[in-house]
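Heads up: the structure comes next, in structure tokens.
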Protein chains: 2
Amino acid sequence: MSTTPTPLTNGEKASRREQILAAAAELFARHGFHGVGIDDIGAAVGISGPALYRHFRSKDAMLGEMLGSISRFLLDGGTARAAEAEAPETTLGELVRFHVDFALSHPSLITVQERNLANLTDTDRRQVRALQRRYVEVWVGAISAAVPGVGEAEARSAAHAVFGLINSTPYNRYLGEGDLADLLSRLALGALRAAG
Amino acid sequence: MSTTPTPLTNGEKASRREQILAAAAELFARHGFHGVGIDDIGAAVGISGPALYRHFRSKDAMLGEMLGSISRFLLDGGTARAAEAEAPETTLGELVRFHVDFALSHPSLITVQERNLANLTDTDRRQVRALQRRYVEVWVGAISAAVPGVGEAEARSAAHAVFGLINSTPYNRYLGEGDLADLLSRLALGALRAAG
DNA sequence: AAATAAGGTTAGCGATCGCTAACTTTGCCG
DNA sequence: CGGCAAAGTTAGCGATCGCTAACCTTATTT
């Protein structure tokens, strides 16, 4: 019955807003936030630029909603995986797999989140940052529990490094998606194992 | 006598051009290429915006020269390390160390290269892309030689992933620079070991 | 059928952008 | 000292930007 929740399609019917956000994400990822005009986004969904203001208060608001829902999705997914914790090592494996799957199925969203944080409104950026920090904490906890002999600062740096590893390949298509997901998961876990 | 060559300071006396490029890199990294105005760059080096045109033909040319010299520096350094090859494993270790050192000592340059490739002129982008491809090839060769049982496509994907791992932490300062360099090197090699 | 609200259009505003023009200052060299 | 080239200044151009205003079309509701 319930569809698997993906960011930006939150249960209620997706419709126009989601379509616009998806197109905007694609464009932001490719050209950068300031490199994309309101008319470009409109054209990408077949309407005129100003028509977008029937759905969003501003261009800033589009980016804000985009990054907000991504951060919320990651935090929710991460916390859920960490809560179901059986053994520490399997938790880490699940976190890796979760993040890899997200990065591969939403490459433009991952790219935008990585590159365009600085373009957010002060208010939006504070909120997104807070969510991201909590997501990192989930990872830090899992790393500390699973990898012996790694301090908190090291765990935090390692988490960021692994995000970079996973996030930087969304447009790499030398391998099929399945094989790439497997490879990235192995690389990430191999890196974390070496952190101790 | 000879100073260690760093990108953008190529032997001949650095002076104004280099100073401008360094300031521009910092700004591009923080706000994105289109988020930085010519006046901002000028102000960052204490002159007016239009004065920059005594040193560069255009804003595009600044980004082009910036990314060009970064790519050239990485390719040169990488090829040199690979040429001195003793054992395959030590080659890979040297490549990792080289890239880590560069990323940590020039965080803004690494950030700009990662995020702003799409903002280059067609001509510039082609040239930079060509250099980057050759740099990746150096890594693919080293990975294939050092890690048993990894095909070319996997090696290429792994190389990109390791770049992401190393490049995504330049502003992480939970650890001292020395400790962070050690950690990143271990993580990178751990990841590559798991690629096989 | 009339009323209403949602979602679209074009025209155009003020601000900002990259860049050029015209002029001034600075420092070196014969 | 006079001359000149390099490096800076301000004024302002054409283009583009985010966004608003005013209007139109369509579908739903009563």
Side-chain angles (χ1 to χ4, degrees), chain A residues 8-9 12-67 112 115-125, chain B residues 8-9 12-67 112 115-125:
Chain A
L8 313 184
T9 56
E12 40 219 74
K13 79 167 168 306
S15 85
R16 216 64 210 250
R17 284 180 71 88
E18 328 281 354
Q19 187 192 1
I20 294 170
L21 284 177
E26 192 67 34
L27 291 169
F28 290 164
R30 208 184 319 269
H31 307 288
F33 180 71
H34 290 298
V36 178
I38 228 65
D39 290 342
D40 299 325
I41 303 174
V45 297
I47 64 180
S48 247
L52 295 171
Y53 290 84
R54 302 284 165 191
H55 305 276
F56 296 93
R57 283 185 15 264
S58 67
K59 190 186 169 198
D60 286 332
M62 293 185 209
L63 185 65
E65 189 161 324
M66 199 180 295
L67 294 201
V112 173
R115 299 184 186 175
N116 293 73
L117 227 174
N119 297 317
L120 284 173
T121 299
D122 286 353
T123 310
D124 284 344
R125 187 170 50 250
Chain B
L8 313 183
T9 56
E12 42 218 71
K13 79 165 169 309
S15 84
R16 216 66 210 249
R17 283 179 73 89
E18 328 281 356
Q19 186 192 1
I20 293 170
L21 285 178
E26 191 67 34
L27 290 170
F28 290 164
R30 209 185 317 270
H31 308 288
F33 180 71
H34 290 299
V36 177
I38 228 67
D39 291 342
D40 299 325
I41 303 174
V45 296
I47 64 179
S48 248
L52 294 170
Y53 291 83
R54 302 286 163 187
H55 304 276
F56 296 92
R57 286 185 15 266
S58 67
K59 189 186 168 196
D60 286 333
M62 295 185 207
L63 185 64
E65 190 162 320
M66 198 180 297
L67 294 199
V112 173
R115 301 185 186 175
N116 293 65
L117 227 174
N119 297 315
L120 284 172
T121 299
D122 286 354
T123 312
D124 284 344
R125 187 171 49 251

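Here is how names work: the chains are called A, B, and so on, in the same order as the sequence lines, proteins then strands, and each is numbered from 1.
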Short heteroatom pairs, N/O only, protein and nucleotides 21-28 of chain C, under 3.5 Å:
from: dA22(C); atom 1: N6; to: R54(B); atom 2: NH2; distance (Å): 3.4

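In terms of heavy atoms, M62(A) sits closest to I38(A) at CE-CD1, 4.1 Å.
Using a 4.5 Å cut-off on side-chain heavy atoms (C-beta onward), M66(B) and N116(B) make no contact.
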Assess whether side chain to side chain contact (heavy atoms under 4.5 Å, CB included) is satisfied between N119(A) and H34(B), documenting all intermediate values.
-> CA-CA 11 Å; N119(A) 297 317; H34(B) 290 299; over 6 Å; no
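A heavy atom lying under 4.0 Å from DNA chain D marks the following residues of residues 27-49 of chain B, by number: I47(B), S48(B). Shown for residues 55-63 of chain A: residues whose heavy atoms fall under 4.0 angstrom of DNA chain D, namely S58(A), K59(A).
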Just distance, no hydrogens or angles: give the donor-acceptor pairs under 3.5 Å from side chains in residues 48-61 of chain A, sequence neighbours left out.
from: S58(A); atom 1: OG; to: D60(A); atom 2: N; distance (Å): 3.4
from: S58(A); atom 1: OG; to: A61(A); atom 2: N; distance (Å): 3.0
from: K59(A); atom 1: NZ; to: F33(A); atom 2: O; distance (Å): 3.0
from: K59(A); atom 1: NZ; to: V36(A); atom 2: O; distance (Å): 2.9

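In this structure, the side chain to side chain contact (heavy atoms under 4.5 Å, CB included) partners of A29(B), at least two apart in sequence or on a different chain, are S108(B), T111(B), V112(B), Y171(B). In this view, A44(B) and A23(B), L27(B) satisfy the side chain to side chain contact (heavy atoms under 4.5 Å, CB included) rule, not counting sequence neighbours.
Between L52(B) and Y53(A), it is L52(B) whose nearest contact on DNA chain D lies nearer the 5' terminus.
Residue pairs that meet the salt bridge (charged side-chain N to carboxylate O under 4.0 Å, His left out) test with at least one member in residues 24-51 of chain B, sequence neighbours left out, are E26(B)-R30(B).
On the nucleic acid side, DNA chain D contacts chain B at distances under 4.0 Å to non-hydrogen atoms, with the end points of that region at dA7(D) to dA11(D).
Between the C1' atom of dA6(C) and the CD1 atom of I20(A) lies a distance of 13 Å, rounded to the nearest Å.
Interatomic distance, CG of D124(B) versus CG of L67(B), reported as 8.5 Å (0.5 Å rounding). Rounded to the nearest 0.5 angstrom, I20(A) CD1 and I41(A) CD1 are separated by 9.0 Å.
No option in T121(B), T123(B), D122(B) other than D122(B) meets the side chain to side chain contact (heavy atoms under 4.5 Å, CB included) test with R125(B).
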